[in-house]
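Lettering of chains follows the sequences in order, A, B, ..., and the numbering in each one begins at 1.
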There are 2 protein chains.
Amino acid sequence: MFPSREDLHEAKRQAVLRQAATSFNARGFHATSLADVAAGLGVTKAALYHYFPNKNALLAACFDHAMALCFACLDKGRAEGRNGRERLLLTLSGYIAQIIDDLSCAVVLLEEGALEADDYAKVIAERDRFEKALRGLVREGVKDGSIVPCDPKLVVFIMLGALNWVPKWYRPGGRWKPEQIAAALAEVFDRTLSSTPAAAMTTEVARISGRRAKARAAEPPAPASDPPDPGPPKRRGTRARTNGAAKAR
Amino acid sequence: MFPSREDLHEAKRQAVLRQAATSFNARGFHATSLADVAAGLGVTKAALYHYFPNKNALLAACFDHAMALCFACLDKGRAEGRNGRERLLLTLSGYIAQIIDDLSCAVVLLEEGALEADDYAKVIAERDRFEKALRGLVREGVKDGSIVPCDPKLVVFIMLGALNWVPKWYRPGGRWKPEQIAAALAEVFDRTLSSTPAAAMTTEVARISGRRAKARAAEPPAPASDPPDPGPPKRRGTRARTNGAAKAR
DNA sequence: TCCATATCCGACCGGGCGGTTAGATGACCG
DNA sequence: CGGTCATCTAACCGCCCGGTCGGATATGGA
């Protein structure tokens, strides 16, 4: 028999965690009782205590899981992107997929305050590390010319805000499929950051083709130059041209 | 004597509301007890019941107030902007100032679920109206050429997400002043939406000059054309040029 | 087969919170 | 001065929720 005793235990633990994350996301941490979580699994409250010592530990585990996923996205983005902008947008695409698809433990991000002091410190530290890494990608993009000069801290805040807000309006059965949303957001962020901003964006998210490369990664590998951004395209492509230096300093 | 009996009552009511909003924002609705709110005002729990029938009514009042401010911003933006993009960005600048400065009742937006059914329906209806209006501004901007073709619904979601996230990272005593943040966000959104995106943005929010026109409203009134966006500037200004049609459909 | 252990349940406890009530205080008005 | 009403408090109630406990059932190893 494959599933050993410990395997089963771990599997159930995961199930509890997922259910808890779902409930917390739906109604908020404080508004969710352990009885709610248990009911969602068809067991009673007391059963949960076989897998977690208390409610706060459950929340902490949600955060840990979410942060782990964040860093996984970061690694993937770093590996697959060809310049700073691509790496950043690939990372964020992954992040959003995680938020939408994965029953998203992540969005619990809203209730950090509910954590106990030491758990809180740990999560915040991790989150800071993640944000610092994103800012690093932005700086990288500015340096290699794929991203316009900007304040990395600010743009990262903006993007994370937009992403973390998604669960507020995303409707699982709705007309916008997760991949479409991820692609659309990447497109908008690309417009914001790219040193060669698009002249137009998709006018209907619902019409974005299913499989669509994110972060412009699949665009023709830029006829001319390579990894560092192609710079102003030869002429009248799908890119807008920015004018002048100014503001930057 | 100026303050009549009713005036005093109303003033205290407002004080209760502000305190409640502050507490709700800080710790969340469910995590805030009425005793907390009362303590913040130096009174006891029972006193609050002279001004609000129950805790939920308090929350509902917060939402009402917040939504009223939203529509005030909208009116102001509509009146002062010279094209769709300006009107939109002015509105959002006001919105953010409200969130940051005004002890922000608004951010309670996160706990809508805590409202009772009928209050909930009312707030959601108002919020939808507001979002619809913003989308209208986007469409307007696309039509008058100040905003690139895009999906209005999506970009509004993105912007509201970014804005509603601000309270998560804004620190009252910090290096970024509220006006700087408002200006910086407007600049980034401008980069995202403008049909003539800037070639660079501010690289340090903390260095943005105090009084700074928002939404590009104060830029030289565009030597040539008028209200509708100046279109691609004559040559090498501070604006990037976008290339081609493509994507739009 | 029998013991040890894991799993889960029903019942319970203690505390905290929303909400109520009775009464004390004081301001206004005739 | 006396009555009325607003204001606010202290004390209390009932409920719900996090957490615990003893016991029932099942599972697996020797």
With B:Y170 via side-chain contact (heavy atoms from CB on, under 4.5 Å) - residues at least two apart: B:I100, B:V166, B:P172, B:P178, B:I181
Residues which pass ring pair (Phe, Tyr, Trp, His ring centres under 6.0 Å) with B:Y51, listed by chain and number, not counting sequence neighbours: B:H9
Listed partners of B:T91 passing side-chain hydrogen bond (donor to acceptor under 3.5 Å, both in side chains), at least two apart: none
Residue pairs passing the salt bridge (charged side-chain N to carboxylate O under 4.0 Å, His left out) test where at least one lies in residues 21-37 of chain B, sequence neighbours excluded: B:R27-B:D36
Listed nucleotide nearest any side-chain atom of A:T44, set D:dC8, C:dT7, C:dC9: C:dC9
Flag for B:Y120-B:N56: side-chain donor and acceptor within less than 3.5 Å: no
Check: A:K177 main-chain N/O paired with A:Q180 side-chain donor or acceptor under 3.5 Å: yes
Sugar-phosphate, base or nothing in reach of B:Y51, heavy atoms under 4.0 Å: sugar-phosphate
Qualifying residues under ring pair (Phe, Tyr, Trp, His ring centres under 6.0 Å), relative to B:Y49, sequence neighbours excluded: none
Rounded distance (Å) that lies between atom P of D:dA6 and atom NZ of B:K12: 13 Å
A:H9 vs C:dT7: side-chain N/O to OP1/OP2 distance below 4.0 Å: yes
Return all side-chain donor-acceptor pairs below 3.5 angstrom for residues 129-141 of chain B, not counting sequence neighbours, or 'none' if the list is empty.
from   : atom 1 : to     : atom 2 : distance (Å)
B:R129 : NH1    : B:E126 : OE2    : 2.7
B:E140 : OE2    : B:R87  : NE     : 2.7
B:E140 : OE2    : B:R87  : NH2    : 2.6

Contiguous pairing runs of three or more, Watson-Crick or G-U under 3.5 Å, that involve DNA chain C: C:1-30 with D:1-30
Distance, rounded to the nearest Å, where B:L48 contributes CG and D:dC8 contributes C1': 11 Å
Annotated protein contacts, base or backbone, on nucleotides 16-22 of chain D with a non-hydrogen cut-off under 4.0 Å, one of B, S, - each: -SBBBB-
Whole-Å gap separating P (C:dA6) and NE2 (A:H50): 10 Å
Distance in angstrom units between B:F52 CZ and C:dG19 C1', rounded: 16 Å
Atom-pair distance (CD on A:E10; P on C:dA6), nearest Å: 16 Å
For B:K55, side-chain contact (heavy atoms from CB on, under 4.5 Å) partners two or more places apart: B:F24, B:F29, B:L34
